[in-house]
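Just so we're clear, the structure is a prediction, and the values are computed from it rather than from any experiment.
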Amino acid sequence: GIESSELLAGKAEASDEEVIRVENLTKEFDIRGEKGAKKKLLAVDDVSFSLRKGSTLALVGESGSGKSTVANMVLNLLDPTSGKVFYKGTDLSTLGSSELFEMRRKLQVVFQNPYGSLDPMYSIYRCIEEPLVVHKTGNRKEREARVAELLDMVAMPRSTMRRYPNELSGGQRIAVARALALNPEVIVLDEAVSALDVLVQNQILQLLAGLQEELDLSYLFITHDLAVVRQTADDVAVMRQGKLVESGTVDEIFANPTESYTRDLIDSVPGLGIELGVGQ
């Protein structure tokens with residue numbers, strides 16, 4: 001009755017709150033052209049989008065489209081050539097180093113290759129605990145309790161604490177646990193499931209969806225895989241050669257892509273047409 005429609009209205013209302021806004025983001029790299037001549041590569045060209053609180057925005061494009069460069073600017077790992085990144089209305093370029101350090105708690109990342117970002121010399125316990133230590137969170141006992149809780153959250157047995165990342169196939173779960181350690185609000189997932197086989201991929205996507213619901217997380221999902229987008233995203237922004245070529249809700253983009261580039265991307269996903277009931 002009334003309650004359920006009110007609930008829906010409430011969720012829609014809450015999710016219009018922007019947690020990240022990117023305005024006219026541009027990134028140029030100096031590269032050497034032929035014969036050593038200096039050239040500029042426009043990797044990201046005037047890109048704008050926003051991520052709504054509690055939702056998933058997929059930033060999609062082929063390799064070289066500029067999507068990971070955008071992710072690195074959102075994470076403040078790269079400075080934009082021009083344009084701005086706002087976190088809850090605060091322009092990141094105005095923050096000093098200590099403020100940025102505090103911001104780090106709120107904005108975490110999971111990369112494609114967990115073994116690249118997890119130190120093989122660290123036990124899984126230390127891998128997950130490290131952000132807590134860096135941010136001086138809790139005493140030793142509290143941190144131990146938090147790591148145990150995080151392992152529960154990503155459905156890993158607590159006994160894995162004493163093991164090492166390369167002994168486990170659950171590397172991505174450990175990377176997610178580590179990303180959650182400081183109670184972030186936003187997680188950037190940079191091709192976070194693309195190296196996984198389909199079965200594991202589905203498990204991680206379900207895990208991420210459950211965590212999003214439970215913790216009201218916002219995800220910026222960087223991917224070239226539209227099957228994953230269909231399964232996870234609320235909104236989509238499609239990049240090509242540094243430019244944003246179209247954006248909208250997942251349903252809009254999949255039902256009615258305006259760009260031939262996006263149509264080709266959608267058409268190239270096996271089995272997607274059947275699911276969407278198109279081309280029958």
Side-chain angles (χ1 to χ4, degrees), residues 19-20 53-54 56 68 71-72 74-78 87-88 92 95-196 200-201 203-222:
V19 59
I20 293 224
K53 187 169 166 53
T56 299
S68 285
N72 285 330
V74 168
L75 289 162
N76 224 62
L77 300 173
L78 264 185
Y87 172 77
K88 290 189 156 176
L92 293 192
L95 298 181
S97 54
S98 62
E99 294 166 307
L100 276 173
F101 181 72
E102 272 309 302
M103 256 282 313
R104 277 269 161 270
R105 292 172 169 271
K106 298 291 170 209
L107 193 58
Q108 291 289 321
V109 62
V110 178
F111 291 108
Q112 172 170 357
N113 171 9
Y115 303 106
S117 51
L118 301 173
D119 188 327
M121 304 307 289
Y122 276 19
S123 68
I124 280 164
Y125 177 78
R126 271 190 75 185
C127 287
I128 299 174
E129 185 203 30
E130 190 188 18
L132 299 169
V133 174
V134 169
H135 284 268
K136 302 185 170 60
T137 304
N139 58 33
R140 201 168 176 171
K141 204 172 167 198
E142 288 163 337
R143 289 198 298 268
E144 209 160 304
R146 178 64 177 155
V147 173
E149 184 186 8
L150 288 159
L151 283 168
D152 289 347
M153 284 162 78
V154 298
M156 291 288 280
R158 292 183 177 196
S159 58
T160 54
M161 267 193 210
R162 304 287 162 234
R163 296 177 62 189
Y164 287 81
N166 52 2
E167 300 173 1
L168 286 180
S169 59
Q172 234 15 341
R173 287 178 188 267
I174 303 303
V176 171
R178 179 188 161 94
L180 290 171
L182 295 163
N183 288 315
E185 298 188 24
V186 178
I187 300 185
V188 176
L189 299 147
D190 193 354
E191 297 281 13
V193 295
S194 47
L196 307 172
V200 181
Q201 196 176 55
Q203 290 170 350
I204 297 291
L205 292 176
Q206 282 171 350
L207 171 71
L208 289 169
L211 290 166
Q212 180 170 51
E213 184 91 341
E214 187 188 334
L215 305 169
D216 199 22
L217 294 166
S218 312
Y219 293 150
L220 178 60
F221 217 114
I222 314 289

Heavy-atom closest contact (S218 atom, Q212 atom, distance)
CA-NE2, 4.3 Å
Is there a donor-acceptor pair under 3.5 Å between the side chain of S123 and the backbone N or O of Y164?
no
Give me the atom names and distance for the closest heavy-atom approach of M103 to Y87.
SD-CD2, 3.3 Å
Could you tell me whether the side chain of K53 reaches within less than 4.5 Å of the side chain of D216, counting heavy atoms only?
yes
Is any side-chain heavy atom of I20 less than 4.5 Å from a side-chain heavy atom of L107?
yes
Taking I187's backbone N and O only, do any of them form a donor-acceptor pair with Q108's side chain (distance below 3.5 Å, no angle check)?
no
Return yes if some donor-acceptor pair links the side-chain N/O of R105 with the main-chain N/O of L182 below 3.5 Å, else return no.
no
Between the CG atom in L78 and the OG atom in S68, the distance rounded to the nearest 0.5 Å is 10.5 Å
Closest heavy-atom pair and its distance - A181, L150
CA-CD1, 3.6 Å
Min side-chain heavy-atom separation I174-V154 under 4.5 Å
no
Check whether any side-chain N or O of E99 sits under 3.5 Å from a backbone N or O of G96 as a donor-acceptor pair, and report yes or no.
yes
Considering only heavy atoms from C-beta outward, does the side chain of L220 approach that of V74 to under 4.5 Å?
yes
Kindly indicate whether the side chain of V186, heavy atoms from C-beta on, has any atom under 4.5 Å from the side chain of K106.
no
Flag the pair E149 and R146 as a salt bridge only when some basic side-chain nitrogen lies within less than 4.0 angstrom of an acidic carboxylate oxygen.
yes
Give a yes or no answer on whether the side chain of E142 reaches the backbone of N139 with a donor-acceptor pair at less than 3.5 Å.
yes
Any non-hydrogen side-chain atom of L217 less than 4.5 Å from a side-chain atom of E185?
no
Could you pull out the closest heavy-atom pair between R140 and Y125, with the gap in Å?
O-OH, 4.1 Å
Considering all heavy atoms, the nearest V110-Q172 contact
CG1-OE1, 3.6 Å
I'd like to check V134 versus R104 (side-chain heavy atoms, cut-off strictly below 4.5 Å). Are they in contact?
no
Any side-chain heavy atom of R173 within less than 4.5 Å of one from I204?
yes
Considering all heavy atoms, the nearest P184-L180 contact
CD-O, 3.6 Å
